[in-house]
Amino acid sequence: MNLIELLDKSAATWPDKPAFIEGENRVTYSALATQVHSIAAVFSELSLQPYSRIGLHFPNSIAYVELTFALWKLNVVVVPVPVEGTDGEMAEIVESLQLDAIVSPTPRSNSIQVQPDCHLTRYARNPRASHHDLNLAFIRFTSGTTSARKGVALTHETIRDRVVTANKALEITSNDTVIWTLPMSHHFLVTIVLYLSQGATVVLARHVLATPFLDAVQRWRGTVLYASPFHYAMLAQDKSSTAISTVRLAVSTTCAISEEVAREFEKRFHLPLSQALGIIELGMVSLNSTDASGRWNSVGRPLPDFEVQLLSPDETGAGELAIRGPGMFDAYAAPWMPRELVAPDGWFLTGDIARFDGDGYLYLLSRKTAVINLAGRKVFPEEIEAVLNRHPAVRESRVYGRPHPHLGEVIEAELVLDGEASALDSIRAHCRAHLASYKIPSRLHIVTELPRTSVTGKIRREPVAAV
Amino acid sequence: MTDVREIESSLLDFMRREVFAPDLELTAETDLIASGFDSMSLVRVLLFIETSHGFWIPQGEINAETLKNIRSLAATVVRLRA
């Protein structure tokens, strides 16, 4: 199967319906499919090998979507490369995921123009990445520890299964208009692909301010909002009288929402925020579409297609969340490790500590992993520590998330220095050169030693208190 | 007490370093949104203000007027700090 079939089917069913609205530009399903096939025809002249891996280094746009489907049509594996990354971060994705080429809106040295504002740069490399006899469509890069596996690989069939499963809870139809704000390089499959498979209209409204966002909801009669708690906090404090009564579902994703934002948003718009649990290895596992008002802090009942258990529960019933179901990832990409080895009996261990209430609603309590969630962006402490530790004045470092009332967590670092404290400015400059700006620690603390576990001597990673 | 010019200059420094591409000629009057200021940029700037001035600007204060440019943002910091 190929995901282009989902788009072709929508184009045949709803040819004149807008698939995308961006500013004053409306693109119908028919026009979108025509453009995708025409881009695919241009790419096919470039002799891209099936299952070659191509990085997509594009900002949010209709072009982003067209390129993804065009590459899929040619059985190319699409790898999103976030535009906010530094050159070093991009090089790491190219290297670790063995990309064959990258497409971007601006030319690079040795790039060839595919069409206006689309340039392809090939990387000469040998040997090419194997596709392991899988019908791969997509690899999401995940930076982790040096020992962790980078990249989550998904086949066309897996993505289709995720879309079908998630829509049992989202219930998106061709009557829906989704107001979209999040970066496509981080959110695409059970969102954009799902909406397009159901004939919905997607309004690209990536506004930083509340007023233009609400205006877009009103103007286009939005029915579904999909945003992060940070966006909802902005909207909750809107002082205008703009109503968004057409909206039936406001999905909050990427990190836990605070009670204050949940309550204020509902009070302002008479609409509760539905928290979703999305996991890159699994897709959308849970959505609180049935009691978002009463249980604002629950991610809802897990979708019926998933089996869920809590491992080693404590006396309160809280345990590690393990999940089994459709749409599970096919492999970790680098180094390659197929799902069957990661989850031999089909159970995926999420690393989240969770509990159920008496009615089967799921609550996330904490994580076993040290990943930091800054306003919805996942940040791996080991990645930042590796950069810090390369600075000559840093002997060692520990990076952690400090709870923050408005952002979930913020990034801080403790440093043991070999040099003078005056090196801090140079360390900050070093971070700016090597890390996307949101990954730069907001505070650097100089310490004489790092907390370590008494047994293994590893850096301790237990939660840090809020200030 | 830090005056508005100093705050303006520290915001300008910060945004030149950490928010915008180095080739953008950023001044206190540059239109931020038109220059590509997005919600992650806002997260960074609100955190910078919190770290350097000790308070969080409520997101309800962030609108087209206050986020027009660095001058209006610095004036907002001074007004809310008072």
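Below, read A as the first sequence line, B as the second, and so on, with proteins coming before strands; counting in each chain starts at 1.
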**Audit row: A:F230, B:L46, side-chain contact (heavy atoms from CB on, under 4.5 Å) steps and yes/no** = CA-CA 12 Å; A:F230 185 73; B:L46 293 180; 4.2 Å; yes
**Request:** Among the options B:A64, B:A21, B:G60, pick out the one with the most heavy-atom pairs lying under 4.5 Å from chain A.
**Result:** B:G60
**Prompt:** What pair of heavy atoms forms the shortest contact from B:F37 to A:V208, and how long is it?
**Reply:** O-CG1, 3.9 Å
**Prompt:** Would you say the side chains of A:H406 and B:E50 form a donor-acceptor pair under 3.5 Å?
**Reply:** no
**Structural part of B:I62 lying under 4.5 Å from a heavy atom of chain A** = both
**Prompt:** Is the CG atom of A:D87 crowded by more than 12 outside heavy atoms at less than 6.0 Å?
**Reply:** no
**Item:** Nearest heavy-atom neighbours spanning B:T51 and A:S442
**Value:** CG2-O, 3.9 Å
**Request:** Under 4.5 Å heavy-atom distance to chain B, tell me which part of A:T211 shows up: side chain, backbone, both or neither.
**Result:** neither
**Prompt:** A:I440 versus chain B, heavy atoms under 4.5 Å apart: side chain, backbone, both or neither?
**Reply:** both
**B:S39 OG to A:L182 CG distance, which is reported to the nearest 0.5 Å** = 7.5 Å
**Request:** Could you walk me through whether B:Q59 and A:L235 pass side-chain contact (heavy atoms from CB on, under 4.5 Å), step by step?
**Result:** CA-CA 8 Å; B:Q59 279 144 284; A:L235 297 176; over 6 Å; no
**Prompt:** Counting distance only, does the side-chain N/O of A:R432 pair as donor-acceptor with the main-chain N or O of B:E18 below 3.5 Å?
**Reply:** no
**Complete:** Applying a strict 4.5 Å limit to non-hydrogen atoms, the region of B:D38 in contact with chain A is both
**Message:** Heavy-atom cut-off 4.5 Å, strictly under: side chain, backbone, both or neither for B:R17 against chain A?
**Reply:** both
**Request:** Starting at CZ of B:F20, measure out to OG of A:S437 and round the result to the nearest 0.5 Å.
**Result:** 10.5 Å
**Prompt:** Can you tell me if CD on A:E259 sees more than 12 non-hydrogen neighbours from other groups inside 6.0 Å?
**Reply:** yes
**Heavy-atom side-chain proximity of A:Y438 to B:L47 below 4.5 angstrom** = no
**Request:** Could you walk me through whether A:E84 and B:M40 pass side-chain contact (heavy atoms from CB on, under 4.5 Å), step by step?
**Result:** CA-CA 10 Å; A:E84 70 272 15; B:M40 216 56 211; over 6 Å; no
**Message:** Under the criterion side-chain contact (heavy atoms from CB on, under 4.5 Å), I'd like the reasoning laid out for B:N63 against A:D238: C-alpha separation, chi angles, the key distance, then a yes or no.
**Reply:** CA-CA 9 Å; B:N63 53 44; A:D238 173 68; over 6 Å; no
